[in-house]
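Sequence lines set the chain letters: A, B, ... in the order given, protein chains first and strands last, and positions in each chain run from 1. Everything numeric here is computed off the predicted structure, so don't read it as measured data.
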Protein chains: 2
Amino acid sequence: MVTLKDIAKKCGVSVASVSKAINHMPGVGAQTAKKIRETAKSMGYLPNAAAQALKTNRTFIIGVLLEDDDSHGLLHQFFVSVLDSFKFKMEEQGYDLMLMNRTVGKRTISYLEHCRYSNMDGVFVACIDFSDPELLELADAGTPMVTIDHTYPGHPSVYSDNVDGIRKAVRYAHEKGHTRIAFISGAPAGVTNKRYEGYEGMLKELGIPVREEYYKVSRYRDVKLTKELTAELLTLPEPPTCILMPDDYAGLGGLAAIREAGLRVPEDISVIGFDGLEYMAHISPRLTTVYQDVKRIGEAAAELLLKRIDNKEKDTPAKSIKVPVSLIEGETVVPPQKS
Amino acid sequence: MVTLKDIAKKCGVSVASVSKAINHMPGVGAQTAKKIRETAKSMGYLPNAAAQALKTNRTFIIGVLLEDDDSHGLLHQFFVSVLDSFKFKMEEQGYDLMLMNRTVGKRTISYLEHCRYSNMDGVFVACIDFSDPELLELADAGTPMVTIDHTYPGHPSVYSDNVDGIRKAVRYAHEKGHTRIAFISGAPAGVTNKRYEGYEGMLKELGIPVREEYYKVSRYRDVKLTKELTAELLTLPEPPTCILMPDDYAGLGGLAAIREAGLRVPEDISVIGFDGLEYMAHISPRLTTVYQDVKRIGEAAAELLLKRIDNKEKDTPAKSIKVPVSLIEGETVVPPQKS
DNA sequence: AATTTTGCATTAATCGTTTTCTCATCTAGT
DNA sequence: ACTAGATGAGAAAACGATTAATGCAAAATT
């Protein structure tokens, strides 16, 4: 490993000068600086991250918290897509992403402890259970942090326009002639509330009565439960003609329930998803769904976090960004049959 | 931030003693050690990763290289599933995962440089293009490394039993009565060769002639190309009755082609995928596919890498692990129609 | 009782950087 | 020509931890 010392020796200068030259700091002559930088390059010098971190208290490491009930957050298409975009933007700025966990050096610790141990410059959080006490602890700790789909006071966040997303879905269904529109939501959470708000609001706006039996609470990404709830909806005396699913993936359960009930999508019943996952475009029938702009969400998160890291001292109020959604027309919504 | 020094002061001992006590090293009395550990805990002491790394040359960081043509490796279900399992195992042993990239501190560097800069203890590689010169450079560098689906000389690796996977698929199709079995493979690569080997070998073993026109080369995860190639197969004078797809995802393209040709799966044509991705179980028709044991693959990779890190000096020959695959019976294979 | 061994604790060096302070030299202003 | 200021370079301290070397007292050996 080649160090500043090696370069210094070769150039016949002090390590201090080498450091300054390499970091383009004043206090070293243009000539010398050039020579130093050249030999540094020729020797294949690379700074030592640990030493730099120790001295400067900057690691250029961003912790990534992607957890769900089963701690397999990496398997969530939506979150991973956002992360992918976030990653791209952060790497551009020289940051590294580290997956956070609760085990360091064979001991079990908290997220906050992991964050402090590794001296992370910031944290990216996207997961389901935002009420986890460990997360609250982390949020209180003062490390720059950005969250997806939830806002902690004092921290920036990014989220889709969930209200509008469901509004768009309901309006679209209505335009196609539906009035018996059911909504299976995800588990109670900020996002879920917003979506329900959109559902109820739009129905009222359209003069459609809000029927309690048309609203069911499932869980995000829960195929099985969503399938069951869909089956329940289908057995209502007056079943809905269109169902909004918690998300695309859970919606697969809904589609299965409809199929097993001997009904067809969309002829007998229309379905609308949420997320707009990549692979959904390839399955049949192509799901009509509310698209969340994962690329934009990830980028926005990166921007906010970067700003936060730079202005650590200045207590600018934490900004939140709402990202517009759009409706992807698939093949799962057609005018309801006359019944 | 509380340091060893702080603890030392509070306990009236030297930092050396504190360090030893905390790391359960000999050379400090049981009494003192206990007291030191207690006050350390009460003060909320956490070691400083940077300082430890600097001194010990161990970071407990594992680099993760998940790249493909579009550098969106995170979006590959299969690889991410393996990673998820790998992650779990590595975290148990106190390692952190860091996503590798080519930008550090706003400069563009190579993977190898990133690896050295961050002083990674090991690297996990799973991607498509194993001939990337940067990867070769990394492989030559001596950092412990484990690869998925490819073996670099001198490094351990893990891969599914690809030969047997396709053999199982072909045998299954044959059992169902198929003899006109086509194979659309992924792009040329070690894995692909193995699969072709299984295809050709099993056909011969079953006494089925190997027909050149039944073999097409697509690319993994390429829905569009696979769709086109499937369409080509369907227009053959004597089209196949069963098609093996490069993988489940690309297989969606195949299904689409068949649908658009006005044919039905499986009544008119049978289809077999590869991977056994989670969500495939929920779409209709449920794809019959060769399941790769992602959990086992990830675990095996972790085991091999850990061993490699521990025995860095001892030049034990790099071990490779072949993980068995299994066939998941879905709904896409039935006996061929009489024609 | 003298000497060796053992056990416990400290001192100090070191890892590779960054950064402040000091010093010498050179330029410029009067 | 003499001083004030600028400039280039180096010395040294620090970041927080580990660890080899060392010292010293008590215990064990002969």
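Pairing each heavy atom of A/S118 with each of B/D96, the nearest pair is OG-OD2, 3.9 Å. The minimum heavy-atom distance linking B/M100 with B/L65 is given by the pair CB-CD1, 4.0 Å. The shortest heavy-atom contact between A/Q52 and A/P47 is OE1-CB, 3.2 Å. Nearest approach of B/A300 to B/I321, heavy atoms of both residues: CB-CD1, 3.9 Å.
Boundaries of the chain A contact region on DNA chain D are D/dG8 to D/dG16, first to last in 5' to 3' order (nucleotide atom under 4.0 Å from a heavy atom).
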Task: Test log, rule side-chain contact (heavy atoms from CB on, under 4.5 Å), inputs A/H24 and A/R37 - done: CA-CA 9 Å; A/H24 291 86; A/R37 282 194 287 268; 3.4 Å; yes

Open item on the list: Go through it in stages, so that I can follow the logic: the residues are B/L138 and B/C115, the test is side-chain contact (heavy atoms from CB on, under 4.5 Å), and I'd like the CA-CA distance, side-chain angles, deciding distance and then a yes or no.
Closed with: CA-CA 8 Å; B/L138 183 59; B/C115 175; 4.0 Å; yes

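With DNA chain D read from its 5' end, the first of the two nearest nucleotides for A/T56 and B/Q52 is the one closest to A/T56. In terms of position on DNA chain C, the residue among A/A51 and B/V15 whose nearest nucleotide sits closer to the 5' end is B/V15.
Taking only side-chain nitrogens and oxygens, A/Y45 comes nearer than 4.0 Å to OP1 or OP2 of C/dT17.
Against DNA chain C, the stretch residues 18-36 of chain A makes heavy-atom approaches under 4.0 Å through A/S19, A/N23.
If you measure from atom NZ of B/K5 to atom P of C/dT11, you get 13 Å, rounded to the nearest angstrom.
Remark: A/E303 engages no residue in a side chain to side chain donor-acceptor pair (under 3.5 Å) (not counting sequence neighbours).
Between A/E38 and A/K41 there is no salt bridge, since no side-chain nitrogen of the basic residue lies less than 4.0 Å from a carboxylate oxygen of the acidic one.
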